**Student:** 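Quick one: this structure, given as structure tokens, is what I'll be asking you about.
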Amino acid sequence: MLKRVIHNLGKADKDDAARLEPPELAKEGGHGDHWGCVVRSAEEGDLLAFIGRVVREVEQPKIFEARGAGVAACSPGEKLRACVLMKDERIASAYPEAQGGAVWPVTVKEVTPWANGIEGQITGDCYGATVSFFDTRFYANRRRYKVGESYNFYINAFAYTLGLASDMEVDTDMGAKVSLKGAYAYMPASLGNPGADIDDYWFHSPLDGDVSGAELAGKEMLVYPIIMAIPQDHELHVALYVARHLLGEGIEEAAPGVDLEGFLWLQGYLQEA
């Protein structure tokens with residue numbers, strides 16, 4: 001969806017056509033469709049208009065160095081905003097970004113920059129658990145990271161799908177079966193889908209509190225608090241943002257403690273930024 005939106009934005013706004021281009025991503029994956037976590041494909045026109053307004057009306061663009069001047073234009077929003085990255089006066093990328101949230105201490109094991117030089121992913125260790133996430137402010141902080149160093153990151157997620165968990169048992173190394181009822185579990189989505197990116201996960205988690213609301217691009221989002229995992233007895237809390245069209249049957253009546261499962265896109269940014 002993202003590639004089409006940026007391409008169509010250039011068609012829709014002839015005055016800006018000279019500075020628009022499709023993003024140059026180093027690898028294929030879910031990132032290009034992350035706006036699908038917010039709007040339906042049929043609402044692409046609304047999204048296109050929204051991104052155009054962000055570019056034209058941003059009051060305080062952030063300037064960063066990217067072999068020349070780069071600009072991050074972000075929409076206003078307390079919990080959610082759109083981030084539009086421009087490089088050499090052309091749109092390079094645009095994505096939904098959650099702000100604030102739970103803080104995870106992560107020891108960086110690998111930094112994965114993308115071909116456009118202003119987006120990237122972080123892989124690290126958090127209380128012994130390996131996590132990978134899209135760094136929403138990589139454009140500003142990419143030169144600060146050192147492998148082996150620890151940093152605090154705000155971590156959030158957007159749902160690709162969310163539903164009530166089915167009764168499920170998994171095999172242990174001892175050959176026994178263990179129920180996942182009430183469990184906090186996650187695994188890379190790439191284990192079942194080679195096309196998934198490193199920041200895509202399957203998860204199984206009980207609902208950890210009351211559901212709240214948010215808004216982005218004129219669309220209502222629901223916020224489901226979950227605990228993604230509990231490594232070394234440390235709870236890894238996540239605010240999971242979900243569009244209504246991605247909710248499974250019966251989930252809107254779910255009470256705290258009910259098991260949820262689905263697929264999510266994990267994102268974060270440096271707390272000190």
Side-chain angles (χ1 to χ4, degrees), residues 30 34 36-38 78-80 96-106 122 124-134 136 152-170 178-193 196-216 219-269 271:
H34 283 162
C37 296
V38 179
E78 181 181 353
K79 293 181 179 179
L80 295 174
E97 178 186 21
Q99 300 191 85
V103 176
W104 293 13
V106 177
I122 304 295
D125 180 280
C126 183
Y127 299 117
T130 298
V131 295
S132 297
F133 57 91
F134 176 73
T136 61
N152 290 327
F153 291 91
Y154 287 114
I155 299 292
N156 294 281
F158 285 83
Y160 295 118
T161 63
L162 180 65
L164 298 175
S166 57
D167 294 333
M168 183 177 180
E169 293 183 335
V170 296
V178 176
S179 172
L180 283 182
K181 184 174 179 60
Y184 304 89
Y186 75 98
M187 67 179 182
S190 59
L191 294 180
N193 177 12
D197 212 332
I198 61 174
D199 47 20
D200 297 330
Y201 292 94
W202 169 87
F203 70 95
H204 177 290
S205 301
L207 180 59
D208 190 46
D210 294 331
V211 177
S212 58
E215 185 272 338
L216 179 62
K219 309 301 178 183
E220 180 187 13
M221 302 288 288
L222 298 177
V223 190
Y224 282 74
I226 64 171
I227 298 173
M228 192 165 160
I230 311 180
Q232 300 176 6
D233 294 327
H234 293 279
E235 297 179 344
L236 300 184
H237 292 263
V238 179
L240 179 63
Y241 291 88
V242 192
R244 284 191 178 275
H245 69 276
L246 300 174
L247 295 175
E249 183 178 355
I251 194 171
E252 291 195 65
E253 290 74 43
V258 170
D259 285 358
L260 308 177
E261 68 179 6
F263 290 87
L264 60 78
W265 169 46
L266 200 64
Q267 63 164 238
Y269 63 91
Q271 183 187 32

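Please read all numbers here as calculations on a predicted model, not as lab measurements.
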**Student:** Do Asp199 side-chain atoms and Trp265 backbone N/O form a donor-acceptor pair below 3.5 Å?
**Tutor:**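 Such a contact is absent between Asp199 side chain and Trp265 backbone.
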**Student:** For the side chain of Tyr184 and the backbone of Pro231, is there at least one donor-acceptor N/O pair under 3.5 Å apart?
**Tutor:**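 Not a single qualifying donor-acceptor pair exists.
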**Student:** Does a side-chain heavy-atom distance below 4.5 Å link Trp202 with Glu261?
**Tutor:**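 They are in side-chain contact.
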**Student:** Counting only heavy atoms not in Glu249 (residues, nucleotides, ligands), do more than 12 fall under 6.0 Å from its CD?
**Tutor:**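 No, because the 6.0 Å sphere around CD of Glu249 holds 12 heavy atoms or fewer from other groups.
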**Student:** How about Leu266 and Met228: do any of their side-chain heavy atoms sit closer than 4.5 Å?
**Tutor:**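 Yes; the side chains approach each other to less than 4.5 Å.
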**Student:** Keeping Gln267 on the side-chain end and Pro96 on the backbone end, is there a donor-acceptor pair under 3.5 Å?
**Tutor:**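 Looks like yes, one N/O pair under 3.5 Å.
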**Student:** Aromatic rings Tyr154 and Tyr269: how do their planes relate, parallel, tilted or perpendicular, breaks at 30° and 60°?
**Tutor:**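 Because their plane-to-plane angle lies in the 30° to 60° range, the rings of Tyr154 and Tyr269 count as tilted.
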**Student:** Does Phe134 reach the side chain of His34, with side-chain heavy atoms less than 4.5 Å apart?
**Tutor:**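 Heavy-atom side-chain distance check fails, nothing below 4.5 Å.
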**Student:** How many angstroms lie between atom CZ of Phe203 and atom CG of Leu264, to the nearest 0.5 angstrom?
**Tutor:**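 One finds 5.5 Å between CZ of Phe203 and CG of Leu264.
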**Student:** Counting N and O atoms only, with roles assigned by atom type, does the side chain of His204 sit under 3.5 Å from a partner on the main chain of Ala183, one being a donor and the other an acceptor?
**Tutor:**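 Between the backbone of Ala183 and the side chain of His204 there is a qualifying donor-acceptor contact (under 3.5 Å).
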**Student:** Do Leu236 and Tyr127 have side chains that get closer than 4.5 Å, going by heavy atoms?
**Tutor:**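 Yes; the side chains approach each other to less than 4.5 Å.
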**Student:** Would the distance check show the side chain of Ser205 and the main-chain N or O of Ile227 forming a donor-acceptor pair, the cut-off being under 3.5 Å?
**Tutor:**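 Pair found, side chain donor or acceptor close to backbone of Ile227.
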**Student:** Report yes if the side chains of Met221 and Phe158 come closer than 4.5 Å at any heavy-atom pair, otherwise no.
**Tutor:**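 When only atoms from C-beta onward are counted, Phe158 and Met221 do touch, with a gap below 4.5 Å.
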**Student:** Between CG of Asp208 and CG of Leu240, what distance do you get to the nearest 0.5 Å?
**Tutor:**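 Here the interatomic distance stands at 12.0 Å.
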**Student:** Search all heavy atoms of Val238 against all heavy atoms of Asn156 and return the closest pair with its distance.
**Tutor:**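 Heavy-atom minimum between the residues: CG1-C, 4.0 Å.
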**Student:** Should Leu246 and Leu162 count as side-chain neighbours, where that means a heavy-atom distance under 4.5 Å?
**Tutor:**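 No; the side chains remain at least 4.5 Å from each other.
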**Student:** Can a side-chain donor-acceptor contact be found between Glu235 and His237 if the only test is distance below 3.5 angstrom?
**Tutor:**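 Yes, because at least one side-chain N or O of His237 sits under 3.5 Å from a partner of the opposite role on Glu235.
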**Student:** Considering non-hydrogen atoms only, spot the tightest contact between Tyr224 and Leu247 and give its length.
**Tutor:**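 Minimum heavy-atom separation between Tyr224 and Leu247: OH-CD2, 3.9 Å.
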**Student:** Is a side-chain donor or acceptor of Lys79 paired with a backbone partner of Leu216 at a separation under 3.5 angstrom?
**Tutor:**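 No, the answer is negative, given that no donor and acceptor are paired below the 3.5 Å cut-off.
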**Student:** Are side-chain heavy atoms of Leu207 and Pro225 found at a separation under 4.5 Å?
**Tutor:**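 In short, these two side chains touch, coming nearer than 4.5 Å.
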**Student:** If you measure from OH on Tyr241 to CG on Leu80, what distance do you get to the nearest 0.5 Å?
**Tutor:**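 These two atoms lie 5.0 Å from each other.
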**Student:** Taking the side chain as C-beta and beyond, is there a heavy-atom pair between Leu260 and Leu164 under 4.5 Å?
**Tutor:**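 A side-chain contact exists here, since the closest heavy-atom pair is under 4.5 Å.
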**Student:** If you take all heavy atoms of Cys126 and Pro105, which pair is closest and at what distance?
**Tutor:**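 Nearest heavy atoms, Cys126 then Pro105: SG-O, 3.3 Å.
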**Student:** So which heavy atom on Ala159 is nearest to which on Cys37, and how close?
**Tutor:**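 Scanning both residues, the minimum pair turns out to be O-SG, 3.4 Å.
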**Student:** Could you state the interatomic distance from OG1 (Thr130) to CD1 (Ile198), rounded to the nearest 0.5 Å?
**Tutor:**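 With rounding to 0.5 Å, OG1 (Thr130) is 11.5 Å from CD1 (Ile198).
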**Student:** Please give me the minimum heavy-atom distance between Asp210 and Pro256, naming the atom from each residue.
**Tutor:**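 Residues Asp210 and Pro256, closest heavy atoms: OD1-CG, 3.8 Å.
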**Student:** Measure across Gly268 and Ile155 and return the closest heavy-atom pair with its distance rounded to 0.1 Å.
**Tutor:**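 Closest approach of Gly268 to Ile155: CA-CD1, 4.0 Å.
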**Student:** Taking side chain to side chain contact (heavy atoms under 4.5 Å, CB included) as the test, write out the residues that go with Ala189, two or more places apart.
**Tutor:**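 With sequence neighbours excluded, Ala189 shows a side chain to side chain contact (heavy atoms under 4.5 Å, CB included) to Ala196, Asp200, Phe263, given in chain and number order.
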**Student:** Working to the nearest 0.5 angstrom, can you tell me the gap between Asp125 CG and Trp104 CH2?
**Tutor:**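 So the gap between those two atoms works out to 12.0 Å.
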